[in-house]
Protein chains: 2
Amino acid sequence: MAAEGAEENGRAAEVGPVARPTIRDVATRAGVSKSLVSLALQNAPRVAPQTRAAILAAAEELGYRRNAAAHALGAHRTRTIGVFVLDLHNPLTADVLDAVQAEARRRDYRTIIVVGGEDAAAERAELEKLLEFRVEGIIAVGHRLPDGADAAFTADCPAVIIGSDHRSTPHLASVSNDDVMGAGLAVDHLVSLGHERIACVDGGPSAVARDRRRGYRTAMRRHGLGDAIAVVKGSFTEDGGYRGASQALDLPERPTALFVVNDLAAMGAMAAVEDRGLSVPDDISVVGYDGTRLAGIRPIGLTTVGQPLQQMGTQAAARLCGQLDGEVCGQARTRLPPSLIERRTTARVLR
Amino acid sequence: MAAEGAEENGRAAEVGPVARPTIRDVATRAGVSKSLVSLALQNAPRVAPQTRAAILAAAEELGYRRNAAAHALGAHRTRTIGVFVLDLHNPLTADVLDAVQAEARRRDYRTIIVVGGEDAAAERAELEKLLEFRVEGIIAVGHRLPDGADAAFTADCPAVIIGSDHRSTPHLASVSNDDVMGAGLAVDHLVSLGHERIACVDGGPSAVARDRRRGYRTAMRRHGLGDAIAVVKGSFTEDGGYRGASQALDLPERPTALFVVNDLAAMGAMAAVEDRGLSVPDDISVVGYDGTRLAGIRPIGLTTVGQPLQQMGTQAAARLCGQLDGEVCGQARTRLPPSLIERRTTARVLR
DNA sequence: CATGCTTGCTGGACCGTTCCAGCACAGGAG
DNA sequence: CTCCTGTGCTGGAACGGTCCAGCAAGCATG
């Protein structure tokens, strides 16, 4: 029966956009007022069961489909949250998104995703698009907007940032892992394997990179290795990792281990090691950060600091939806503990 | 000035959804009718330049933002295409999406992305959501809807499938690579390295897997290796690749090379090789399929059949937008040639 | 029997746009 | 001067829903 409706439209589709049945058409067919159809469709209580059934049947027969635009306009609500993604290529994104999506669905919110293009302008345009859609809240998985610009957006609807907690915009809610602690975990692990000359391949100016860098420094000093601290410039990309590691390996006192700002960059770092005729982990141990699936892939087996990605996604969505539903939510910034995932790119240092 | 508007709303945001300025507010401030504001905002021709400027200024001052819902309702258009993604984890997805997004943007269409959940029901719900938003067209990157169900959707708006071209639904436009040819490329390459016992780790019942399987068989026969044909069951996941390869390696006549249905599964296959104390490529050569970035990562260096992912994304978007803009588009099903990307997981067979 | 409450339904205003018909005015052609 | 054309603008209907006030009928209560 539904198929029949689709068939009818199938023909019309050839010549242009189909004139879809409206709530009024359904009302006529069911012999009731359009108001009642509206009520029945949103599962309102005061509708007689058999009337409701008749309306639902009529809707089904006509192939009625709610018009989200009209709905939003009338209801002043969309029950939709916008998800902004900075980089689809980062394997971290997929894990987080799956969890966000699942939690939102559970709470009866829908999600739409947009992805920020190359530059800040494109990112801004995508965010603007979300706002035009009148999403009720925004979840951002990474962002590169200058401080302050994001504030202008979150003035319009609540937002939660996943991953980086911008210290500069304290009003922004965030769910992140404790990067300082995570970096410490990495250093602790390497030290426990006897490493002393541990270099840090950095990620640049972002808040995340800053914290990981700081955690590295703090941990090194804690182990009495303050003099061995060596931070080289890199980035969150494979290429950045390659260049950073190259620089570190060419240091006069060559490090025996590399702590790299994220998993992707760690891939590049391993390539750099290899290109110098050295091997991982025999000559050089490598630790990444993020705990993405990529790192877990067998031929790679990267030791890394795992973020609770799924949990982060879930919490972010739960917090946002909760806030929208008027629940009182606790603190705006949640920070989850990371954990070390030991695999095959780290080994005891050779004397 | 824009910031000022944001500030004002910033306060109101605490107590609930902000009452955003409407086109009417802008009209009042600029001292014109709302119709003219509407005209000015959509860059209509018959608006005096200085009036337009005044209107734009007023809009800016008030922090006006178009309401997409109202727009859609009035204009009977959304200029939005919906992108359905089956699996965000497949690294192929990101490449394709980037290209789709870029092309759509170039043609002044916006995109929204939804991701299909665990099962066919969730997938259907997401597609339905897109339709409720009244997207003008749909691009699907993979899908698992039973044949016929997808027909019901595409009856309502034009759609292009990327990747798999469902033979069973010939009315669906698609952009794909030639899987039969690609599989042939892989076999040719292995044969040129002296391999004869080449096994195929399969991907299951999907159309894509079928074509790759068939391409493998055809090529083997072409090389006079019909007797060496060995297809083992696997899937498009790492795990499926592992199990498939395990089975292949336990064959009485152990193969010297593995052609695996996609890059992800090839990762699993390599793990299986390793677990048997064998090495890639010295003992076993491995070829993947897709040409994802994953395969290119240095520590992996997988030899693979590369799909022109970016080109596929671009063409799909171009075709869809073109159709929506009334251009006459050629054939509904485009098939691009893949190419072999030779890296370090294949080697000359040892005698 | 009047009253009030509950249940089930209706009519119409409203949301923020677009778009169409139409109007006033200016300038050029006849 | 009149007519015509084009320019710049306005008012209001329409889009497809939601939601509120209100109404009729049935029932219980006093």
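By convention in this document, chain letters (A, B, ...) are assigned in the order of the sequence lines, proteins followed by strands, and residues within each chain are numbered from 1. No hydrogens, no waters, no symmetry mates; every other heavy atom, side chains included, goes into these values. Note that this is a predicted model, so its numbers are computed, not measured.
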Worksheet item: Is A:Gln310 atom CD crowded by more than 12 heavy atoms from other residues, nucleotides or ligands, each under 6.0 Å away?
Response: no
Worksheet item: Just to confirm, is there a sub-4.0 Å distance from OP1 or OP2 of D:dT18 to any side-chain nitrogen or oxygen of A:His76?
Response: no
Discussion item. Students often get this wrong, so: under 4.0 angstrom with heavy atoms, is B:Ser38 touching a base, only sugar-phosphate, or nothing?
Written reply: base
Item to complete: Could you state the atom-to-atom distance from CD1 of A:Ile23 to P of D:dC15 in whole Å?
Response: 14 Å
Item to complete: Hey, which sits more toward the 5' end of DNA chain D by its nearest nucleotide, B:Gly74 or B:Pro49?
Response: B:Pro49
Worksheet item: Rounded to the Å, how far apart are A:Leu41 CG and D:dC19 P?
Response: 13 Å
Worksheet item: Only one of A:Val160, A:Leu320, A:Leu131, A:Val83 forms a side chain to side chain contact (heavy atoms under 4.5 Å, CB included) with A:Ile138, so which one is it?
Response: A:Leu131
Practice prompt. Anything under 4.0 Å to a heavy atom of chain A counts; send over the first and last such nucleotide of DNA chain C, read 5' to 3'.
Written response: C:dT7 to C:dG16
Item to complete: Look only at the side chain of A:Arg79 and the backbone of A:Asp108, and say whether a donor-acceptor pair between them is shorter than 3.5 Å.
Response: yes
Worksheet item: So, B:Glu126 and B:Lys129, do they make that salt bridge, N to O below 4.0 Å?
Response: yes
Worksheet item: Is the shortest side-chain N/O distance from B:Thr51 to OP1 or OP2 of D:dG8 below 4.0 Å?
Response: no
Item to complete: Could you tell me whether a side-chain N or O of B:Thr93 sits under 3.5 Å from a main-chain N or O of B:Asp87, the two making a donor and an acceptor?
Response: yes
Worksheet, complete the sentence: Sorted by position of nearest nucleotide on DNA chain D, 5' first, the leading residue of A:Val37 and B:Leu36 is B:Leu36
Discussion item. With a 3.5 Å cut-off and heavy atoms only, can you find an N or O donor on one side and an acceptor on the other between the side chain of B:Ser35 and the base of D:dG11?
Written reply: yes
Item to complete: In whole angstrom, give the distance that lies between atom CD of A:Gln42 and atom C1' of D:dG17.
Response: 9 Å
Item to complete: Look at B:Arg107 together with B:Glu103 and state whether they make a salt bridge at an N to O cut-off of under 4.0 Å.
Response: yes
Worksheet item: Separation of B:Arg46 atom CZ from D:dT5 atom P, in whole Å?
Response: 14 Å
Worksheet item: Are any side-chain N or O atoms of A:Asp25 and backbone N or O atoms of A:Thr22, one a donor and one an acceptor, separated by less than 3.5 Å?
Response: yes
Worksheet entry | Whole angstrom value for the distance that separates P of D:dC15 from CG of A:Asn67 | 12 Å
Worksheet item: For the pair made of CD1 in A:Ile55 and P in D:dT18, what is the distance, rounded to whole Å?
Response: 12 Å
